[in-house]
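The block underneath contains the structure these notes are about, expressed in structure tokens.
The model shown is predicted, which means the values in this text are computed figures rather than measured ones. The basis for the numbers below is simple: all heavy atoms, side chains too, and nothing from hydrogens, waters or symmetry mates.
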Amino acid sequence: WASTRFPGKPLAEIHGKPMLWHVYQRCVEAGCLDRIMVATDDERIALACQQYDIESMMTRRDHVTGTDRVAEVAQRIPAKFYVNVQGDEPLVSPEAIRLVTRASCDGPFWATNGYAVIDDPADLMDTTVPKVVLRKDGTALCLSRSPIPYPKARVSPHYFQVCVYRFHREALSWFASTTPGYVERMEGIELLRFLEEGRPVKMVQVPPSLVAVDTIEDLERARAAMAVA
């Protein structure tokens, strides 16, 4: 609820339904998740979930990141894998959720994340769009809000992070027991904690999310895109 750029955005209305309802529907359409719920620290969001027959769980208010919030859910609900779909992605592709969920995983302390090709040059400069640089083995070399790698040689493509994550239970337990490192604090990208601690992040190419809602302007873009769809 307490987004600094857009307070209350999970309940922002898109064509008669709150944004979280649309995200929930994309998760249902993915058809690969055994249980779907909204993890929240705000009673207004929990009430909206109740109104739309969406399972929800109240979590602590002091979580610094969404991954910390998912880690609390993992402490209370046993499972092997947990998939985190950001609540501000009403246009996330169900295929992106399927690809990240079903990707092979090489170790219990790895994270898995989606990425897609940047088609709009403006996104390369947009600090709300985390960029990804890949190693040759398909794991993440670095993530940043800056345009990386710097296009001195003008080599394409560039990639951006699609905010669908999969974690082993052990990885979430580890994450919740650590503190953000220097680069994570500077960038505000929680997966950097894995990289700073030497833990791999497997990247899976997925269809891009057309609009992630960070601002009021993004909300209008999402409404327009969904009206066309």
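Looking at N113, its side chain does come within 3.5 Å of a backbone N or O of V164 through a donor-acceptor pair. Between the side chain of E184 and the backbone N or O of M186, no donor-acceptor pair lies under 3.5 Å. Judged by distance alone, with hydrogens and angles left aside, the side-chain atoms of K202 form a donor-acceptor pair with the main-chain N or O of S104 at under 3.5 Å. When atom types are taken as modelled, the side chain of R185 and the backbone of P180 share a donor-acceptor pair closer than 3.5 angstrom. Of the possible donor and acceptor atoms, one in the side chain of R98 sits under 3.5 Å from a partner among the backbone N and O of A30. Listed for the E187 side chain is a donor-acceptor partner under 3.5 Å among the backbone atoms of R145. Under the 3.5 Å distance criterion, the side-chain polar atoms of D88 are left unmatched by any main-chain donor or acceptor of P10. Judged by distance alone, with hydrogens and angles left aside, the side-chain atoms of S146 form no donor-acceptor pair with the main-chain N or O of I148 at under 3.5 Å. Although no hydrogens or angles enter the test, the distance criterion places a donor-acceptor pair under 3.5 Å between the side chain of R193 and the main chain of F175. A donor-acceptor pair is defined here as one N or O able to donate and one able to accept, closer than 3.5 Å; such a pair exists between the side chain of H22 and the backbone of I14.
Salt bridge status for R135 with D137: absent, with no side-chain N to carboxylate O gap under 4.0 Å. Here R69 pairs with D41 in a salt bridge; the nearest charged N to carboxylate O distance falls below 4.0 Å.
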Margin query: Could you walk me through whether R166 and V204 satisfy the side-chain contact (heavy atoms from CB on, under 4.5 Å) test, starting with their C-alpha distance in whole Å, then the side-chain angles of each, then the deciding distance to 0.1 Å, before giving a yes or no?
Written below: CA-CA 11 Å; R166 189 193 66 189; V204 179; over 6 Å; no
Checklist line | side chain to side chain donor-acceptor pair (under 3.5 Å) evaluation trace for T215 with E217 | finding: CA-CA 5 Å; T215 65; E217 292 74 20; 3.3 Å; yes
Checklist line | Trace of the side chain to side chain donor-acceptor pair (under 3.5 Å) decision for D126 with T128 | finding: CA-CA 5 Å; D126 188 342; T128 68; 2.8 Å; yes
Next item on the list: Take I97 and C27 through the test side-chain contact (heavy atoms from CB on, under 4.5 Å) and record every step on the way to the result.
Entry: CA-CA 7 Å; I97 299 171; C27 293; 4.1 Å; yes
Check: For D123 and F160, what are the C-alpha separation, side-chain angles and deciding distance, and is it a side-chain contact (heavy atoms from CB on, under 4.5 Å)?
Finding: CA-CA 8 Å; D123 287 339; F160 72 98; 5.7 Å; no
Margin query: Apply side-chain contact (heavy atoms from CB on, under 4.5 Å) to residues Y165 and V70 and explain how you reach the verdict.
Written below: CA-CA 11 Å; Y165 314 92; V70 175; over 6 Å; no
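The environment of M125 atom CE is sparse: at most 12 non-hydrogen atoms of other residues, nucleotides or ligands sit within 6.0 angstrom. Remark: D62 CG is packed, more than 12 non-hydrogen atoms of other residues, nucleotides or ligands lying under 6.0 Å away.
Cluster membership check: I77 does not share its hydrophobic cluster with W174, using side-chain heavy-atom separations under 4.5 Å among Ile, Leu, Val, Met, Phe, Trp and Tyr. One hydrophobic cluster, built from ILVMFWY side chains closer than 4.5 Å, holds both V211 and I216. V133 and F194 fall into different hydrophobic clusters, where Ile, Leu, Val, Met, Phe, Trp and Tyr residues are linked whenever their side-chain heavy atoms come under 4.5 Å apart, directly or through other members.
Annotation: the span from I45 atom CD1 to W1 atom CH2 amounts to 6.5 Å, rounded to 0.5 Å. Taking NZ of K9 as the reference point, atom CG of L20 lies at 12.5 Å (rounded to 0.5 Å). We find the CD-CD1 distance between Q161 and I189 to be 6.5 Å, quoted to the nearest 0.5 Å. Here the CG atom belonging to D42 is positioned 5.5 Å from the CZ atom belonging to R61, to the nearest 0.5 angstrom. Note: T139 OG1 to L134 CG = 8.0 Å, rounded to the nearest 0.5 Å. The NE2 atom of H158 sits 10.0 Å away from atom OH of Y150, with the distance rounded to the nearest 0.5 Å.
Using the six-membered ring where Trp is involved, Y115 and Y159 have ring planes that are perpendicular, over 60° apart on the 30 and 60° scheme.
Just one residue in the list H168, R169, R35 forms a side-chain hydrogen bond (donor to acceptor under 3.5 Å, both in side chains) with Y82, and that residue is R169.
Of all heavy-atom pairs between P90 and R26, the closest is O-NH1, 3.4 Å. For the residue pair A71 and A176, the shortest heavy atom distance occurs at CB-CB, 3.9 Å. Shown here for E196 and Y182, the closest heavy-atom pair between the two residues is OE1-N, 3.2 Å. The minimum heavy-atom distance between T59 and E72, with the atom names listed, is CB-OE1, 3.3 Å. Heavy-atom minimum distance, L195 versus A140: CD2-O, 3.7 Å. Nearest heavy-atom pair across E190 and G66 is OE2-N, 3.5 Å.
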